[in-house]
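Read the structure below first, then the notes.
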Number of protein chains: 2
Amino acid sequence: MDATPRPLAPASLKLHIRVADQLGVAIVRGDYKAGETLPPESQLCEMLGISRTAMREALRSLIAKGLLVSSPKRGTRVRDPRHWSHLDPDILRWRVEVTDTDTYLKKMFELRRATEPAAAALAAVAATDEDRLQLQSDFQAMVDAGADNARWVEADLAFHRSIYFATHNEFFWPIGQLFSFGLRQMFEIAARGDHRPRAIIEHGDVLRAIIERKPSMAHAAAVTLIGNATSDVVLIRGHDLEP
Amino acid sequence: MDATPRPLAPASLKLHIRVADQLGVAIVRGDYKAGETLPPESQLCEMLGISRTAMREALRSLIAKGLLVSSPKRGTRVRDPRHWSHLDPDILRWRVEVTDTDTYLKKMFELRRATEPAAAALAAVAATDEDRLQLQSDFQAMVDAGADNARWVEADLAFHRSIYFATHNEFFWPIGQLFSFGLRQMFEIAARGDHRPRAIIEHGDVLRAIIERKPSMAHAAAVTLIGNATSDVVLIRGHDLEP
DNA sequence: TGAAACATATTGTATGACAAATAGCGATAA
DNA sequence: TTATCGCTATTTGTCATACAATATGTTTCA
């Protein structure tokens, strides 16, 4: 029906990026299963009508993200998904293409529920003045958003991402990165609810606890915030996200 | 003094991997700071005496891991560390080279404390029979290790890693990967303590809770386990890991 | 003053050749 | 028959060179 089902790789982008996208989606979708070997480079090249240079750079990207391994004569094989960098923005994007929304939103929520209270508590201890100003301004942007849904969502995402960065623990940062793209959809869903007054209060509680350097209070406030966010999404989508 | 200070890149490995390692360490160490642009490819090539092909494949890997961005004429720039894939095994390895041990162990512990109880609880709900068998056999290997430190450490690492995989939530898996390399050092430290009887009991508690599908019990047992593990490491190293 | 055309540096792509590694086969010997 | 060694062929890895595409800065012109 649709000749161009998904404009995932606009022609403007570099060739090796488009190819990596194409292969990445195919792998994530399961066209090539774990342990399987891809066709040899030469064959892949003529299949797509590109040079080996571009193809190898595309493969090199996928190898770096843990999707593939290669060795001479053995070929290029798909690794077990346990080795993939699932928090990588590209891989996440490919997953979103092929996984149903509810499933991946639910899984991300499970991770958030584990990490965000801890991140808030760490931020309360480790945040610099600059971090506090950033959180303050993210929060202010939420307040100022008014009825503008788009602005609200951006500010909301920025606020949560800033919490992760304020931990000054780089192992938390990849999770914070999810607030740039992977969680936008969830926030857009939640933004349609008429719960903004309550959301502002709850975000304010987290902000205050961090600014006043009270880790346990920050932890508690984040737990409350996420709990209610869950309820909102559940309510709006009509599914139970936590069986 | 020492001509080969660190055997990070044995000559056996592929050239582009050695180069990526070298550049990766240099970037992580701060030789090239965030926002800075690297020398042009041509120059990098003649600096190291290699072809542009190999150099570009090395750069492509670093770009895929979020360390670099490149565009024509603008050159190749170092990205803000917030965009790096800090859970990636390679990046972790490079960090270990240049960061003091206590700092990165402490930060990893902070992440574990947040995620591992949640992972155990999820595993109690989502684990398949195969997952349960795996955990069982990891645990048995710990018991069977006897006085063999190396076996104990391997089994211990495997047990914790298996918990993350048993969540069937792929966003937890990159954290579980840390138990393959990044946390070995910590486990080796803890293994020197004479607390094995207690450790076996505590690991057994987590295992039983997961097998009997009791999430809140698994959560609690994991909290206890990590709490004591922290004490052990603190005791042995003589530092306070949590200020 | 401003905008548009042009020169230039740098990354991106193509091509063709050769090197290195390794799985699989075959030959050889015990 | 069985095990070991070595050969061959396939596939990835590296090299050299040329040209294309893109963004920057400068120069020219209205």
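Each chain gets a letter, A, B and so on, in the order its sequence line appears, and its residues count up from 1.
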- Message: B:Leu87 vs B:Gln177, test: side chain to side chain contact (heavy atoms under 4.5 Å, CB included). Steps then yes/no.
- Response: CA-CA 8 Å; B:Leu87 300 176; B:Gln177 275 301 124; over 6 Å; no
- N or O in side chain of A:Arg74 less than 4.0 angstrom from C:dA23 OP1/OP2: yes
- Think A:His16 has a side-chain N or O under 4.0 angstrom from the OP1 or OP2 of C:dT13? yes
- Query: Separation of B:Leu68 atom CG from C:dT10 atom C1', in whole Å?
  - Reply: 15 Å
- Which whole-number value in Å describes the distance from B:Gln43 CD to C:dT11 C1'? 15 Å
- Contact nearer the 5' end of DNA chain C, comparing B:Gly75 with A:Leu15: B:Gly75
- Task: For B:Tyr32, check ring pair (Phe, Tyr, Trp, His ring centres under 6.0 Å) against everything at least two apart and list the hits.
- Result: none
- Message: Does A:His203 form a side-chain hydrogen bond (donor to acceptor under 3.5 Å, both in side chains) with A:Asp156? I'd like the steps, not just the answer.
- Response: CA-CA 9 Å; A:His203 281 75; A:Asp156 197 0; 3.0 Å; yes
- If a pair satisfies side chain to side chain donor-acceptor pair (under 3.5 Å) and one of its residues is in residues 45-55 of chain B, list it, with sequence neighbours excluded. B:Glu41-B:Arg52
- Item | Length of the line joining A:Ile50:CD1 and C:dG12:P, which is rounded to integer Å | 15 Å
- Task: State which residues pass ring pair (Phe, Tyr, Trp, His ring centres under 6.0 Å) with B:Trp84; sequence neighbours excluded, sorted by chain then number.
- Result: B:His86
- Judged by nearest nucleotide, the residue sitting upstream toward the 5' end of DNA chain D, A:Glu41 or B:Ser71, is A:Glu41
- Message: List the residues meeting ring pair (Phe, Tyr, Trp, His ring centres under 6.0 Å) with B:Phe179, not counting sequence neighbours, and say none if there are none.
- Response: B:His160, B:Tyr164, B:Phe187
- Query: When only distance counts, do a donor and an acceptor, one from the side chain of A:Thr53 and one from the base of C:dA14, lie under 3.5 Å apart?
  - Reply: yes
- Message: Would you say A:Ser70 places a side-chain N or O within less than 4.0 Å of OP1 or OP2 belonging to D:dG13?
- Response: yes
- Query: Under 4.0 Å: is that the gap between some side-chain N or O of A:Thr76 and OP1 or OP2 of D:dT12?
  - Reply: yes
- Task: Nearest whole angstrom, please: distance from the C1' of C:dA14 to the CG of A:Leu44.
- Result: 17 Å
- Message: Please evaluate residues A:Arg77 and A:Leu68 with respect to the criterion side chain to side chain contact (heavy atoms under 4.5 Å, CB included), reporting the C-alpha separation (whole Å), side-chain torsions for both, the decisive distance (0.1 Å), and the verdict.
- Response: CA-CA 6 Å; A:Arg77 304 182 300 292; A:Leu68 301 171; over 6 Å; no
- Respond yes when some side-chain nitrogen or oxygen of B:Ser51 is under 4.0 Å from OP1 or OP2 of D:dC15, and no when none is. yes
Write out a two-atom table: protein N or O, nucleotide N or O from nucleotides 19-21 of chain D, distance below 3.5 Å.
none

- Task: Take the protein atom CD of A:Glu46 and the nucleotide atom C1' of C:dA14, then report the distance between them rounded to whole Å.
- Result: 16 Å
- Item | Close residues, residues 54-66 of chain B, relative to DNA chain D [heavy-atom separation under 4.0 Å] | B:Ala54
- Query: Step by step, would you call A:Val78 with A:Lys33 a side chain to side chain contact (heavy atoms under 4.5 Å, CB included)?
  - Reply: CA-CA 7 Å; A:Val78 178; A:Lys33 299 189 184 62; over 6 Å; no
- Query: Passes side chain to side chain contact (heavy atoms under 4.5 Å, CB included), A:His168 versus A:Asp131? Steps please.
  - Reply: CA-CA 10 Å; A:His168 287 263; A:Asp131 295 326; 2.6 Å; yes
